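The structure that follows is given in the form of structure tokens.
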Amino acid sequence: MTRFWAVFDRAIEMLIFVIFLGIVIVGTMQVCNRFFLNLSLSWSEELQRYGQIWIVFLGIPVAYRHSVHIGMEMLTDRLVDRGRAIFFALVDLLWIVLAVALILGTARLAQFLQFQKSPGLGLPMHLVYGAIPLGSAYMIIIALRRLVAFWRPAPTL
């Protein structure tokens with residue numbers, strides 16, 4: 001199972017990389033077209049904006065998995081080991097609450113967006129914002145994995 005999650009996590013990271021690479025390529029094409037050909041790509045800014053939405057909402061759980069979100073250590077440094085573990089388990093539960101709220105909120109938003117299309121690319125807007133529930137579901141998976149690791153007894157030597 002560990003191997004599966006490692007591959008899954010890597011696939012999400014690669015997806016973020018591909019989206020970022022696409023943003024860079026399209027941004028470079030836009031600059032070159034404006035500078036050399038005096039032409040503008042009408043869809044480039046929209047694609048880059050939507051790519052950033054996907055990067056942010058897929059990147060939040062990746063940062064959470066690596067524990068690199070900004071945090072205050074003033075309280076956790078004063079806790080004993082067991083208290084610190086319980087605190088972080090509560091934080092994981094709060095991440096799940098946040099993710100569920102994002103999924104439910106986006107589901108309500110998708111009802112309004114299902115018939116709207118983006119002006120430049122003609123993409124259905126519910127697909128553009130599909131990164132929010134997808135990233136939130138990934139965040140729930142990561143939080144559950146962390147909680148399972150918290151409750152699993154430590155190996156004895």
Side-chain angles (χ1 to χ4, degrees), residues 1-27 43-155:
M1 196 61 160
T2 304
R3 174 101 171 108
F4 169 78
W5 289 121
V7 170
F8 184 80
D9 293 337
R10 191 66 174 159
I12 296 290
E13 291 170 358
M14 289 305 297
L15 177 61
I16 293 169
F17 170 76
V18 168
I19 294 169
F20 185 75
L21 182 63
I23 288 173
V24 170
I25 290 171
V26 169
W43 50 269
S44 66
E45 291 177 33
E46 191 174 283
L47 181 88
Q48 292 174 66
R49 188 177 317 118
Y50 297 154
Q52 288 176 358
I53 291 169
W54 277 81
I55 287 173
V56 166
F57 283 98
L58 291 177
I60 289 170
V62 169
Y64 166 53
R65 183 171 53 85
H66 290 290
S67 298
V68 293
H69 279 288
I70 190 168
M72 301 282 295
E73 296 175 352
M74 184 172 61
L75 172 66
T76 57
D77 286 347
R78 295 181 182 186
L79 295 172
V80 295
D81 289 340
R82 186 69 179 160
R84 188 178 300 126
I86 291 170
F87 176 80
F88 286 124
L90 288 172
V91 168
D92 291 334
L93 289 172
L94 289 174
W95 275 107
I96 292 172
V97 169
L98 172 65
V100 169
L102 285 170
I103 290 170
L104 294 176
T106 306
R108 291 183 60 199
L109 179 65
Q111 293 172 348
F112 297 106
L113 297 176
Q114 66 183 340
F115 301 112
Q116 295 181 6
K117 294 194 181 291
S118 66
L121 294 168
L123 293 173
M125 291 305 290
H126 68 281
L127 294 179
V128 171
Y129 291 105
I132 300 171
L134 188 67
S136 297
Y138 183 42
M139 195 163 22
I140 290 170
I141 290 169
I142 292 169
L144 290 174
R145 286 166 41 194
R146 289 169 67 129
L147 286 169
V148 165
F150 171 74
W151 291 109
R152 184 177 298 143

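Since the structure is predicted, the reported quantities are computational estimates derived from the model, not experimental observations.
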**Gap separating the CG atom of L147 from the CG atom of D92, nearest 0.5 angstrom** =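 Going from the CG atom of L147 to the CG atom of D92 covers 4.5 Å.
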**Item:** Minimum heavy-atom distance S67-R146, with the two atoms named
**Value:** OG-NH1, 3.3 Å
**Asked** So do V148 and R145 actually touch side chain to side chain, heavy atoms under 4.5 Å?
**Response**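 No - every pair of side-chain heavy atoms lies 4.5 Å or more apart.
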**Prompt:** Is the count of non-hydrogen atoms from other residues, nucleotides or ligands lying under 6.0 Å from E45 atom CD greater than 12?
**Reply:**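 No, CD of E45 has 12 or fewer neighbouring heavy atoms, counting only those of other groups under 6.0 Å.
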**Message:** Please determine whether side chain to side chain donor-acceptor pair (under 3.5 Å) holds for the pair S118 and R49, giving the CA-CA distance in whole Å, both sets of side-chain angles, and the decisive distance to 0.1 Å.
**Reply:** CA-CA 11 Å; S118 66; R49 188 177 317 118; over 6 Å; no
**Asked** Between CZ of F115 and CE of M125, what distance do you get to the nearest 0.5 Å?
**Response**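 Atom-to-atom, F115:CZ and M125:CE are 15.0 Å apart.
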**Residue among Y64, F57, F8 satisfying side-chain contact (heavy atoms from CB on, under 4.5 Å) with Y138** =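 For Y138, the side-chain contact (heavy atoms from CB on, under 4.5 Å) check succeeds only for F8.
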**I25 vs L21 side-chain heavy atoms within contact, under 4.5 Å** = yes
**Request:** Begin from the C-alpha positions of I142 and M139 and carry the test side-chain contact (heavy atoms from CB on, under 4.5 Å) through to its verdict.
**Result:** CA-CA 5 Å; I142 292 169; M139 195 163 22; 5.8 Å; no
**Prompt:** Roughly how far, to the nearest 0.5 Å, is CG of L134 from CG of L102?
**Reply:** 12.5 Å
**Asked** Can you check whether I140 reaches I103 side chain to side chain, under 4.5 Å on heavy atoms?
**Response** yes
**Message:** Counting C-beta onward and ignoring hydrogens, is there a side-chain heavy-atom pair between V128 and L121 closer than 4.5 Å?
**Reply:** no
**Value rounded to 0.5 Å, distance of OG in S136 from CG in L58** = 10.0 Å
**Asked** How close do G135 and P61 get, heavy atom to heavy atom, and via which atoms?
**Response** O-CG, 3.3 Å
**Rounded distance (nearest 0.5 Å) linking atom CZ of F88 with atom CG of L94** = 12.5 Å
**Prompt:** Looking at side-chain heavy atoms only, is the closest gap between W43 and L123 below 4.5 Å?
**Reply:**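 The answer is no, as the side chains (C-beta and beyond) never meet within the 4.5 Å cut-off.
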**Fill in**
Note: G122 and E46 closest approach over all heavy atoms is N-OE2, 4.4 Å
**Prompt:** To the nearest 0.5 Å, what is the distance between CD1 (I141) and CZ (R65)?
**Reply:**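 Answer for the CD1-CZ pair, I141 versus R65, is 11.5 Å.
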**Message:** Could you check whether any side-chain N or O of W54 sits under 3.5 Å from a backbone N or O of G130, counting only pairs where one atom can act as donor and the other as acceptor?
**Reply:**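 A pair under 3.5 Å: no.
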**Prompt:** Taking all atoms of both residues into account, what is the closest heavy-atom pair of Q116 and F112, and its distance?
**Reply:** NE2-O, 3.7 Å
